[in-house]
Amino acid sequence: MMLCLAFVLATACSQEVLLMDEAPKTVHITVGANMGEPQTRSAVVTEAGTRTLSFTTGDRLYVWGRITGTDPQKIVAGYLDMVGTPAEGATTASFSGALSVYVYNSSEDRYDASSHTFVTDDPLGECTVAYGTLVHKDAVGFTVGADKWGEYSSRVASTVNDLMTTMLCVQGTYNSGTKSFPLSVDLSGYSSDEYCAPIFNCTISGLKPNTTYAVSHIRSTSFENALDAHGNDLGTITSDAEGKASFACYSVCVKAEKYHVLNFLTEDYTDDRNVYLGSKALADKVYNITRQALKFQEAAFSVSNTQQVYFSKGNLYAYKGSSNWEWYFQPHQWMYVGDAAGNKLITGPMTLSGSYLRVDLFGWNGASSPNDCYGINNSATDSDYGNVSGEALMHDWGHNVIGSYAADTWRTLTANEWMYLFSEDRSVTNSLSAGARYTMATLGGTYKGLILFPDTYTHPSGTGFTAGTFNAVSNYTATVSMEGWMLMENAGCVFLPAAGSRYQTTVFMTGSVGCYYWSNSNIAGNTATNIAITPSSLSQVNSTRYSGYAVRLVRVVE
């Protein structure tokens with residue numbers, strides 16, 4: 001059944017519904033300038049502190065609501081067209097048009113056209129709740145889903161003005177008492193008392209040239225979580241030939257103070273960069289952001305007199321889906337599985353007692369092992385891991401396809417290569433401290449491990465790094481905030497976290513002194529060589545092959 005709805009005095013069809021203008025709906029988004037920390041959020045120089053989105057000729061109102069008490073579920077949805085021409089800057093307008101009723105088809109999981117008899121002269125008043133979304137006449141990316149709920153598929157535009165006029169959702173909930181839609185900024189169903197929708201006016205450098213990135217706004221109560229938590233997927237941008245991008249986007253934020261990060265990720269997941277926005281409670285304002293996108297930056301490390309390598313961006317882990325194993329690097333250098341389900345639920349060679357779990361503490365599987373399992377095994381029987389003196393790994397962990405990297409792109413360091421990194425044989429140019437090759441450190445007051453400095457290192461300003469002991473063991477006394485660490489890893493530093501050790505399905509020393517990493521070397525049968533980093537020593541150790549240790553891979557600098 002087709003329904004009609006009119007605002008003010010407009011009529012559209014025989015079943016006329018008049019919505020009186022006693023309570024005109026207001027449509028405005030006010031955004032301010034000069035909000036704190038000018039180095040983080042500078043003033044909006046092109047405006048006098050406010051922006052107002054007003055009605056424009058050609059605007060439409062998209063209406064959607066669930067009809068109360070219907071089984072199967074029925075909804076009313078459709079567009080209402082603006083009536084007449086609004087005055088310049090108008091914040092009230094009348095809309096009229098035909099709405100359709102749809103009924104849910106459970107067998108096909110969709111809504112089909114349906115007839116419906118209303119019991120009052122107010123069809124929207126018979127909905128549990130009805131929403132209206134103002135769709136600008138020049139809107140782009142507004143789509144209606146299978147459940148007839150309309151939304152913008154992108155929250156990114158080239159400029160703030162484009163965003164305000166063509167993409168920024170304005171939404172309201174129908175008031176059956178006044179028969180009107182008081183509209184405000186779209187908070188995607190969230191309470192406006194708790195949420196806001198800031199606009200980020202961005203100029204971002206440090207991206208890969210001529211590359212398309214998906215943009216997300218991520219916020220959390222802690223900085224490290226803000227780099228990992230799922231946030232608002234805003235849309236896509238493309239960098240120019242210099243790796244820069246200028247754009248505007250809007251997001252939905254909790255009004256309480258949070259850490260805020262913009263994340264840039266390529267479609268093939270090969271490039272992942274972050275822009276730290278700070279820790280602040282945001283508001284419905286425009287924030288000008290000029291930043292460099294930061295990422296783990298590959299830098300050269302000498303592992304012998306003739307060989308340099310790049311380290312992987314994080315520790316290796318194996319992921320068990322519903323059937324197959326997949327291999328990835330942790331997205332951040334401080335991350336590890338540790339004392340979590342995957343490492344504790346190994347039941348045999350390449351088997352777990354669950355699915356969708358991660359393992360990152362591996363045994364050392366020699367070529368004579370009867371099990372082709374990359375050390376994913378809960379056995380404590382020596383021969384299950386091979387027992388031939390001097391033998392090679394059955395397969396180097398880098399033999400796997402790891403994320404988007406082809407098999408054998410990466411490899412495991414030898415014991416001698418590991419020790420060369422720490423020794424005086426490696427010549428280092430380091431602006432932070434002459435000849436500094438490594439220091440034991442704590443990131444963000446939480447993550448203990450060892451920072452390795454590349455062969456050539458220029459320490460960036462603004463890290464807040466507090467030095468401990470260079471080129472010697474310590475109780476992880478050097479400190480740096482997570483924000484400061486982003487700058488250091490963007491300058492080439494590598495962090496080896498204290499990821500713990502595993503015996504069968506028990507995990508020890510995670511996050512404390514458990515900084516153990518396998519090499520690809522062994523000397524005696526039943527043992528293999530690992531690097532052990534503790535507050536009292538840094539050395540290569542022959543450990544039983546069934547010990548579960550972390551793996552950090554490298555690739556050769558060509």
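Position 1 is the first residue of the sequence, and the numbers go up from there. Just so we're clear, the structure is a prediction, and the values are computed from it rather than from any experiment. When reading the values below, keep in mind they use all heavy atoms of this one structure, side chains included, and skip hydrogens, waters and symmetry mates.
Side-chain polar atoms of R552 and N315 form a donor-acceptor pair below 3.5 angstrom. No side-chain donor from either of T414 and N520 sits under 3.5 Å from a side-chain acceptor of the other. Using modelled atom types, one finds no donor on one side chain facing an acceptor on the other under 3.5 Å when comparing N263 with S216. Neither side chain, N400 nor Y405, offers a donor N or O lying under 3.5 Å from an acceptor on the other. When only modelled atom types and interatomic distance are considered, Y328 and Q330 share no side-chain donor-acceptor pair under 3.5 Å. With hydrogens and angles left out, the side-chain atoms of N288 and N201 include a donor and acceptor closer than 3.5 Å. No donor-acceptor contact under 3.5 angstrom links the side chains of N377 and D384, judged on distance only.
Closest non-hydrogen pair, S222 versus N225, comes out as OG-ND2, 2.9 Å. For I218 against A226, the heavy-atom pair with the smallest separation is CG2-O, 2.8 Å. In terms of heavy atoms, C202 sits closest to L262 at SG-CD1, 3.8 Å.
A salt bridge links R273 with D271: at least one charged nitrogen is closer than 4.0 Å to a carboxylate oxygen. Using a 4.0 Å cut-off between charged nitrogen and carboxylate oxygen, K295 and D272 do not count as a salt-bridge pair. Ionic pairing of R426 and D455 is present here: one or more N-O contacts between side-chain nitrogen and carboxylate oxygen are shorter than 4.0 angstrom. A salt bridge links R411 to E417: at least one charged side-chain nitrogen sits closer than 4.0 Å to a carboxylate oxygen. Salt-bridge check for E298 with K313: failed, with every basic side-chain N at 4.0 Å or more from each acidic carboxylate O.
Here the CG atom belonging to L487 is positioned 12.0 Å from the CE atom belonging to M482, to the nearest 0.5 angstrom. Here the CG atom belonging to N430 is positioned 9.5 Å from the OG1 atom belonging to T456, to the nearest 0.5 angstrom. Atom CG of N274 and atom CZ of R291 lie 13.0 Å apart (nearest 0.5 Å). Distance CZ/R545 to CD/E391: 4.5 Å, rounded to 0.5 Å. Taking OG1 of T211 as the start and CZ of F264 as the end, the distance is 12.5 Å to the nearest 0.5 Å.
Ring centroid separation for the pair W397 and Y549 does not come in under the 6.0 Å cut-off.
Ring geometry for W334 versus Y447: interplanar angle of 30 to 60°, hence tilted. Ring geometry for F311 versus W418: interplanar angle of 30 to 60°, hence tilted. Aromatic ring orientation, F453 versus F465: perpendicular (interplanar angle above 60°, classes split at 30° and 60°).
Scanning for side chain to side chain donor-acceptor pair (under 3.5 Å) contacts around S154 gives an empty result, with sequence neighbours left out. Qualifying side chain to side chain donor-acceptor pair (under 3.5 Å) partners for H459, counting only residues two or more places apart in sequence or in other chains: Y457, T463.
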* To do: For L282 and Y287, run side chain to side chain contact (heavy atoms under 4.5 Å, CB included): C-alpha distance rounded to whole Å, both residues' side-chain angles, the deciding distance at 0.1 Å, then the answer.
  => CA-CA 9 Å; L282 301 183; Y287 295 94; 3.8 Å; yes

* Can F422 and I531 be said to form a side chain to side chain contact (heavy atoms under 4.5 Å, CB included), step by step? -> CA-CA 11 Å; F422 308 119; I531 303 303; 3.9 Å; yes

What side-chain donor-acceptor pairs closer than 3.5 Å can you find for residues 503-514, not counting sequence neighbours?
| residue | atom | partner | partner atom | Å |
| --- | --- | --- | --- | --- |
| Q504 | NE2 | N378 | O | 3.3 |
| S512 | OG | M509 | O | 3.1 |

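In summary, of the residues considered (T238, T266, T236), a side-chain contact (heavy atoms from CB on, under 4.5 Å) with Y213 occurs for T266 alone. Applying ring pair (Phe, Tyr, Trp, His ring centres under 6.0 Å) to W327 and the options Y317, Y319, F362 leaves one that passes, F362. Among the candidates F200, Y250, Y259, the single residue satisfying the ring pair (Phe, Tyr, Trp, His ring centres under 6.0 Å) test with H217 is F200.
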